[in-house]
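One structure is given here, and the rest of the page talks about it.
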Amino acid sequence: MPQNGVYDLLKMLEIALDEGYSVLKYTVINKREIETLIDRIYQALPTEVQEAKLLLKRKEELQNEAQQRANKIIQDAQAEADRKLSESDQIKAIELQGNKIKNEVYQECEKIKHIALQDAENIRLQATDEAMKIREGAELYAEQVLTSIEGNLTQLQQVVKNGQIYMEQLRTDSIGKYPTQQTPVRK
């Protein structure tokens, strides 16, 4: 139907509305007649208008799909950001806990090192003390041994002297008892 047909159908619609009668502020019309006219108007529209209507409908559908996809992408991005933020918070918490443990271990190592150094110093002092006591004991022992040896030597000297005196006395006594013979001198 040509475009004039649409205008004609719209004119008929206006007439049908005018033919209705008013009751208070409402107008009573023949519903079937109006619906038939509207259907005929749709049929009378050029195909370009119907295609444009379909294109508009498709455009709305595409916009809705695009909006839904965009919403989904935004939701996914927000969820990913929340997850990464949560992971980041967890990593930070783990790092803080790791640093805390590292500091505790370092402090414990320092305590152990300090105790070890104190123990080593105590052992060194004890060893020095013990070495001094051993040295003093060794010196005292050596002095005692030397004193004992000196006493023994003195006794031995006395024994040797006594032996020499005895031997001298024996010789003197034997000369007196026995005349010495002179051995001839050989030529």
Side-chain angles (χ1 to χ4, degrees), residues 48-187:
E48 290 84 9
V49 173
Q50 290 176 0
E51 288 173 1
K53 183 180 175 184
L54 289 175
L55 284 174
L56 286 173
K57 185 178 177 184
R58 180 67 184 143
K59 177 186 168 193
E60 285 179 17
E61 288 173 356
L62 288 174
Q63 283 178 335
N64 287 339
E65 277 182 37
Q67 186 62 42
Q68 288 174 354
R69 284 184 187 167
N71 289 341
K72 175 79 169 114
I73 289 170
I74 290 170
Q75 287 174 352
D76 290 348
Q78 185 62 45
E80 181 67 14
D82 290 346
R83 185 186 66 77
K84 288 195 177 203
L85 183 61
S86 174
E87 285 177 1
S88 174
D89 289 345
Q90 289 175 352
I91 289 170
K92 285 178 185 175
I94 289 169
E95 284 177 351
L96 286 175
Q97 186 67 23
N99 285 335
K100 181 181 174 186
I101 291 170
K102 181 177 122 184
N103 288 337
E104 287 173 0
V105 167
Y106 179 76
Q107 289 173 354
E108 189 65 29
C109 287
E110 285 297 313
K111 284 179 188 176
I112 291 170
K113 177 182 164 187
H114 182 71
I115 290 169
L117 288 173
Q118 282 180 334
D119 288 349
E121 181 62 18
N122 289 340
I123 290 169
R124 188 189 67 76
L125 290 174
Q126 286 175 352
T128 302
D129 238 12
E130 215 170 294
M132 289 292 287
K133 287 177 185 173
I134 290 171
R135 182 176 169 205
E136 287 171 2
E139 287 174 355
L140 184 61
Y141 176 74
E143 191 176 321
Q144 288 171 352
V145 167
L146 290 173
T147 303
S148 175
I149 290 173
E150 182 183 31
N152 289 341
L153 283 175
T154 304
Q155 284 177 354
L156 283 173
Q157 270 183 334
Q158 191 61 42
V159 167
V160 168
K161 235 177 202 187
N162 289 343
Q164 286 173 338
I165 292 171
Y166 177 73
M167 291 301 286
E168 184 65 37
Q169 201 169 10
L170 278 179
R171 206 174 345 151
T172 310
D173 287 348
S174 80
I175 292 180
K177 284 184 183 176
Y178 306 103
T180 56
Q181 291 182 2
Q182 293 217 345
T183 50
V185 180
R186 290 189 189 183
K187 291 190 187 180

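Along the sequence shown, residues carry numbers from 1.
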Rounded to the nearest 0.5 Å, how far apart are CG of L117 and CD of E110?
-> 9.5 Å
Among residues two or more places apart or on two chains, list those pairs meeting side-chain hydrogen bond (donor to acceptor under 3.5 Å, both in side chains) that have a residue in residues 149-158.
-> Q158-N162
Between CG on residue D89 and NZ on residue K84, distance to nearest 0.5 Å | 14.0 Å
Looking at residues at least two apart in the chain, or sitting in another chain, which of them share a salt bridge (Lys or Arg N to Asp or Glu O under 4.0 Å) with E168?
-> R171
Worked verdict on Q164 versus K161 for side chain to side chain contact (heavy atoms under 4.5 Å, CB included) | CA-CA 5 Å; Q164 286 173 338; K161 235 177 202 187; 4.3 Å; yes
Rounded distance [0.5 Å steps], CG in L55 versus CD in E60 = 11.5 Å
Mind listing the side-chain donor-acceptor pairs of residues 138-149 below 3.5 Å, one per line with the distance, residues two or more places apart or on another chain?
unit_1	atom_1	unit_2	atom_2	d
E139	OE2	R135	NE	3.2
T147	OG1	E143	O	2.7

How would you list, by chain and number, every residue that makes a side chain to side chain donor-acceptor pair (under 3.5 Å) with E80, sequence neighbours excluded?
-> R83
Between atom CZ of R58 and atom CG of L62, what is the distance when rounded to the nearest 0.5 Å?
-> 4.0 Å
Atom pairs and distances, donor-acceptor, side-chain atoms in residues 92-107, under 3.5 Å, two or more places apart:
unit_1	atom_1	unit_2	atom_2	d
N99	ND2	E95	O	3.4
N103	ND2	N99	O	3.3

Could you list the donor-acceptor pairs under 3.5 angstrom formed by side chains in residues 69-79, with sequence neighbours left out?
unit_1	atom_1	unit_2	atom_2	d
N71	OD1	Q67	NE2	3.1
N71	ND2	Q67	O	3.3
K72	NZ	D76	OD1	3.0
K72	NZ	D76	OD2	3.4
Q78	NE2	D82	OD1	2.9

Donor-acceptor list for residues 119-134 side chains, cut-off 3.5 Å, not counting sequence neighbours:
unit_1	atom_1	unit_2	atom_2	d
E121	OE1	R124	NE	3.2
E121	OE2	R124	NH2	2.6
N122	ND2	Q118	O	3.4
T128	OG1	R124	O	2.8

Side chains of E108 and K111 in contact at under 4.5 Å (non-hydrogen atoms) | yes
